[in-house]
Structure formats: C-alpha cells, structure tokens
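Beneath this line is the structure, given in structure tokens, with notes to follow.
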Amino acid sequence: MKVTVENIKGLNKDIKVFIDKKTMNTHMDEKYEEIKKTVNLKGFRPGKVPKEILKRQFGQAIFSEVLDKVLKDTSVKALEDNKIKPAGQPKLDLKTYGEDKDLEYVMSITELPKVELKSVENIKYDEYSVKIDTNETDKRIKEIAKNQNNFKEVAADVKAVNENLVIFDYKATIDGNEFTGGEGKSTQLILGKDLFIKGFDKQLTGVKKNDEKSVDVTLPENYPQKEYANKKANFICKIIEVKKSEEVKIDDDFAKNLGAKDLADLKVLVSKQINDEYKNSLDKLLKTQILKEIENFKVGEIPENLIEEEIKILSQGMTEEDSKKNRKNFEDIARKRIKVGLVLNEFGEQNKIKVTEQEVQAEVQKQLRMMPGQEKMVMEFYQKNPQALASLRGTVYEEKIINLIKTKAKPNKKEISKEEAEKILKEHQKQEHDHKEEKKAGTKKVVNKKDIVEPKSTKSKKTAVKKVSKK
C-alpha cells in the first residue's frame with residue numbers, strides 16, 4: 001500500500017491510497033477459497049467448485065465485499081500510520097478499481113485540530129464544606145421523629161379524628177354486585193391524607209372500634225380493572241382498631257432504632273448527612289467551574305463541519321427565522337462546546353482513561369433506581385437504543401476525566417455556613433432558570449459541553465467512510 005498525504009487548506013487533507021492489483025487479487029483469491037468451502041452447486045462436490053464457476057456466479061458480489069473490506073482496512077491504517085484524527089466522516093473518491101486492477105482512491109478528510117493541554121494543576125475551583133449548626137441537626141432529628149409512626153390503640157369508645165390510624169376490613173359492590181379488587185383485610189388508613197380513594201377516609205372520621213360504616217365513592221380513573229374505572233362503589237367497612245399517634249421520645253433507644261449507637265452518634269450521622277446533601281449540590285457547581293477554566297485552553301482552528309453539526313443541534317425545534325437570527329450566538333456556543341470536548345478527549349487519551357462494561361452497567365442500574373416501577377421500560381430503552389447506551393458511556397467517561405482533573409487541580413477550600421450554601425445554590429438556580437426562559441423565548445440557548453465519547457483502540461476500530469464517486 002502506498003499512501004500520499006496532501007495538505008489542501010487548513011485542516012483539510014487529501015490522502016491518496018494505492019493498492020496494486022497483485023495485492024487485490026490475493027484478497028480476491030482468499031475470498032474465493034473461503035466461500036468455496038460453503039457453496040453447494042449442482043454437479044459439483046462440496047468444496048470442489050472451480051474458481052471460474054464461482055467467478056461467473058458470484059464474482060460481482062465477492063468483489064464488492066472485498067472492496068468494502070479493503071477500503072475500511074486501508075483507510076484506517078492510512079490514518080493511523082500518519083497519526084491523523086478525522087473530524088467527522090471521511091469521504092472516498094474511487095479513481096481506479098475492478099477485478100484484476102489496481103485500487104486507487106482519495107480520502108478527503110477534515111483533521112481534528114491540535115490541542116495544547118495546559119498544566120491542569122493551574123485549574124482553580126471552589127471546594128466547599130458546609131458547617132452545620134447543632135440547632136440544624138436537632139431540627140432534622142425532630143423532623144425524623146415526627147415522621148416516625150408511633151401509633152397506640154385508643155379506647156373502644158374514642159372516635160377517630162384526622163391523623164388517627166384506622167384499621168378495617170371491607171367488602172365493596174357496584175350496583176349491588178361484587179367486583180374484582182372489591183374486598184380487603186386489615187386495610188390501614190391515616191385519616192386526612194386521602195391516599196386510598198378520593199374522599200374515602202373523610203367518611204371514616206368519627207368511627208369507633210367494632211363500628212360498621214358504609215362508604216360511597218367513585219373508583220379512580222386509573223383503577224387496575226379498567227371496566228370499573230369511574231364507577232360508583234359502596235364499601236361496607238368493619239372497623240378493627242383506631243390508633244392515635246404519640247410523640248416519639250428522642251433518646252438513645254430512638255437512635256438505636258435508626259441504626260446509630262446512641263443519640264450522640266445519631267447527631268454526628270445526621271450532621272454529616274446534611275453536610276453531604278449540600279456538598280453534593282455544590283459539587284455540581286464545581287464541575288461547571290472546571291469546564292469554564294477549560295474554555296481558556298488553546299485549541300487550533302475548529303473544523304467548520306463540527307461547528308455546523310453543533311448549530312443544527314442548538315437550533316432544533318426553532319423556526320428558520322429564529323435560527324438565522326441566533327446564528328452568530330450559536331457559532332460562539334458551538335466553538336466553546338467543541339473546544340471543551342476536544343480538550344477533555346485529549347486529556348482522557350493522554351491519561352489512558354477507559355470505561356469498563358461494568359461501569360456502564362452500574363450507571364444503567366443507577367438510572368433504574370431513579371425510576372422505581374419503570375425499571376423494565378428503562379432497561380428495554382437502553383437495549384433497543386445503542387446510541388443512548390453510548391451516550392451513557394460518554395457521561396461516565398466525562399465524569400472520570402473531571403474527577404481526575406480535580407485530583408490534579410488547585411482547590412480553593414472554603415468552609416461556609418448552611419445559609420451561605422443556600423445562597424450560592426439559589427443564585428445558581430436563578431441563573432439556570434433565566435437561561436431556560438431565554439431558551440423558551442428563542443433568543444439564546446444555554447448549553448453545556450457537547451457529549452464526548454470515549455476513544456476506542458485504533459487497532460480494532462473501523463473508520464466509517466462515505467464513497468462519493470466511482471469513476
């Protein structure tokens with residue numbers, strides 16, 4: 001294979017590739033030998049079909065298959081040998097090709113620009129720790145205690161009121177007829193929460209132990225058996241118990257029930273929990289700071305084709321008029337986005353950052369936990385959408401890069417109060433809200449860095465190529 005690289009203009013290059021006909025014929029012969037073992041033709045024993053017969057029957061299809069493979073293999077090798085990273089899909093222009101002929105083609109590409117990685121040790125970001133006041137810890141523990149169910153049975157003659165727990169059996173009918181799901185045992189309702197069927201627990205107010213109460217309600221629209229949805233039903237309820245919630249005593253026993261050693265240990269754990277809640281939110285701002293710093297890194301000429309791709313993404317859902325009006329703004333945003341993506345990719349490659357299949361699956365499981373009850377739907381979505389899974393891999397890859405940068409950069413450590421933390425987060429939320437409103441108005445789109453994709457080993461990957469002409 002002979003390769004010649006010609007610089008056309010800026011990042012645009014033409015790579016001329018020549019493979020002599022002897023090499024091409026060798027590839028063809030290998031393919032004929034391969035299919036010879038599997039082809040069954042009348043009049044010939046398996047594996048004994050002459051090459052001339054195969055050529056007449058399958059020559060064109062075999063040549064197309066060999067040509068595609070040679071183009072993929074040689075284009076990848078040409079790029080690797082010359083250390084060229086294409087920005088987008090290369091285009092192939094076939095000059096000469098055919099059976100028993102030399103193969104000559106020109107691969108036109110736009111090369112990714114060179115990235116100068118500054119010393120990441122110079123990146124600065126704010127790393128917050130939040131000082132939690134003891135009063136805040138005590139307040140949180142009181143809230144936990146308040147939410148603990150500590151129901152005690154009341155006397156048989158005491159009537160149920162709001163916030164009491166009522167335990168009952170029921171049988172229900174629609175127009176006097178029993179229906180699926182119309183019977184329940186030891187059903188529990190906390191009056192006033194209206195969590196069973198709308199208006200149900202309100203009718204149980206005033207019941208006592210051993211009472212029998214008739215309750216009339218309309219079954220909800222989302223009732224499991226659709227034929228009964230929105231039907232009026234009558235429930236005959238037999239009251240088993242009425243319980244009243246008593247205040248939970250905050251002491252060592254209370255703390256032990258929550259998994260702490262004692263009350264003092266619980267206060268330490270709750271204080272840390274509150275701190276972690278704020279720190280997790282503040283750490284998201286940290287990533288924004290790092291990406292802003294990366295915008296100052298030097299990158300050569302940004303390929304126009306990448307800019308156009310980004311502008312298409314930014315203008316999705318907009319009218320042609322609004323898109324044109326925001327063209328200049330979108331170009332600026334696209335350049336920043338691409339620059340950050342290139343820098344992060346370069347940093348990831350230089351530090352040999354990889355994403356394992358286990359890490360991708362762990363991220364999928366994280367997504368599943370965030371959508372309880374919809375696990376099957378989410379799993380099927382990722383199974384049927386390889387692009388979504390690739391995007392998830394890109395997210396993991398990006399996080400690993402950011403985390404490594406954090407370990408090398410210079411944190412500006414600050415201890416702040418809970419009030420200061422809330423102020424910082426509130427200001428950030430306001431900025432996000434303003435950006436979203438601008439986006440709705442079609443004046444400006446706020447964007448984060450473009451999703452980046454973990455680079456694959458160049459030894460195994462295949463370059464996607466587009467054939468533009470066959471002369």
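This structure is a prediction, so every number in the text was calculated from the model and none was measured. Only this structure's heavy atoms are used, side chains among them; waters, hydrogens and symmetry mates stay out.
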>> Using the rule given for salt bridge (charged side-chain N to carboxylate O under 4.0 Å, His left out), can you reason through K325 versus D322, listing the C-alpha separation, both sets of side-chain angles and the distance that settles it, and then say yes or no?
In response: CA-CA 5 Å; K325 188 164 51 178; D322 282 338; 3.6 Å; yes
> Who passes salt bridge (charged side-chain N to carboxylate O under 4.0 Å, His left out) against E127, sequence neighbours left out?
Replying inline: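 Counting only residues at least two positions away or on another chain, E127 forms no salt bridge (charged side-chain N to carboxylate O under 4.0 Å, His left out).
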> What residues form a salt bridge (charged side-chain N to carboxylate O under 4.0 Å, His left out) with K77, not counting sequence neighbours?
Replying inline: D81
>> Using side-chain contact (heavy atoms from CB on, under 4.5 Å), reason through K226 and E221 one step at a time and then give a plain yes or no.
In response: CA-CA 8 Å; K226 292 183 179 180; E221 190 174 346; over 6 Å; no
>> Show me the pairs that pass side chain to side chain donor-acceptor pair (under 3.5 Å) and involve residues 11-28, at least two apart or across chains.
In response: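 Qualifying pairs, neighbours excluded: E6-K16, N7-K13, N12-T110, K13-E111, D14-S108, D20-T23, N25-D100.
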Considering residues, nucleotides and ligands other than [X], do more than 12 of their heavy atoms fall under 6.0 Å from its [atom1]?
X: E422; atom1: CD; answer: yes
X: E104; atom1: CD; answer: yes
X: E321; atom1: CD; answer: no
X: Q350; atom1: CD; answer: yes

>> Set out, in order, the CA-CA distance, both residues' side-chain angles and the distance that settles side-chain contact (heavy atoms from CB on, under 4.5 Å) for S417 and K131, then state yes or no.
In response: CA-CA 5 Å; S417 66; K131 187 177 181 180; 5.7 Å; no
> Hey, mind stepping through T96 and Y105 against side-chain hydrogen bond (donor to acceptor under 3.5 Å, both in side chains) and telling me if it holds?
Replying inline: CA-CA 7 Å; T96 59; Y105 66 90; over 6 Å; no
>> Is there a side-chain contact (heavy atoms from CB on, under 4.5 Å) between L71 and L94? Walk through the geometry before answering.
In response: CA-CA 10 Å; L71 287 173; L94 297 178; 3.9 Å; yes
side-chain contact (heavy atoms from CB on, under 4.5 Å) against [X], all qualifying residues, sequence neighbours excluded:
X: K83; result: none
X: E427; result: K423
X: E99; result: M28, Y32, K55, F63
X: Q358; result: T356

Nearest heavy-atom pair of [X] and [Y]: which atoms, and what distance?
X: A409; Y: Y125; answer: CB-CE2, 3.8 Å
X: S129; Y: N275; answer: C-ND2, 4.4 Å
X: G192; Y: D201; answer: N-OD2, 3.1 Å

Using distance only, find each side-chain donor-acceptor pair of residues 363-387 under 3.5 Å and give its atom names and separation, not counting sequence neighbours.
residue : atom : partner : partner atom : Å
E375    : OE1  : G373    : N            : 2.9
E375    : OE2  : G373    : N            : 3.3
N385    : ND2  : F381    : O            : 2.7

>> Set out, in order, the CA-CA distance, both residues' side-chain angles and the distance that settles salt bridge (charged side-chain N to carboxylate O under 4.0 Å, His left out) for K146 and E143, then state yes or no.
In response: CA-CA 5 Å; K146 186 178 179 181; E143 289 174 358; over 6 Å; no
>> Is there a salt bridge (charged side-chain N to carboxylate O under 4.0 Å, His left out) between R393 and E398? Walk through the geometry before answering.
In response: CA-CA 9 Å; R393 176 181 286 273; E398 178 187 323; over 6 Å; no
Please table the atom pairs, donor to acceptor, closer than 3.5 Å between any side-chain atom in residues 293-306 and protein atoms at least two apart or in another chain.
residue : atom : partner : partner atom : Å
N305    : ND2  : A87     : O            : 2.6

> Between E331 and R327, does at least one N-O distance fall below 4.0 Å, as a salt bridge requires?
Replying inline: yes
> What residue pairs, at least two apart or across chains, pass salt bridge (charged side-chain N to carboxylate O under 4.0 Å, His left out) with a residue in residues 266-277?
Replying inline: D138-K267, R140-E277, K272-D276
> At what distance, to the nearest 0.5 angstrom, does NZ of K243 lie from CD1 of I167?
Replying inline: 4.5 Å
> What pairs with F200 under ring pair (Phe, Tyr, Trp, His ring centres under 6.0 Å), at least two apart in sequence or on another chain?
Replying inline: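 Applying ring pair (Phe, Tyr, Trp, His ring centres under 6.0 Å) to F200 gives F168, F196, F235.
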>> Pair L191, E163 - check side-chain contact (heavy atoms from CB on, under 4.5 Å), show working.
In response: CA-CA 5 Å; L191 301 187; E163 297 186 4; over 6 Å; no
Using a 3.5 Å cut-off and no angle test, enumerate the donor-acceptor pairs between side-chain atoms of residues 245-252 and protein atoms at least two apart in sequence or in another chain.
residue : atom : partner : partner atom : Å
D251    : OD1  : D253    : N            : 3.2
D251    : OD1  : F254    : N            : 2.9
D252    : OD1  : L263    : N            : 2.9

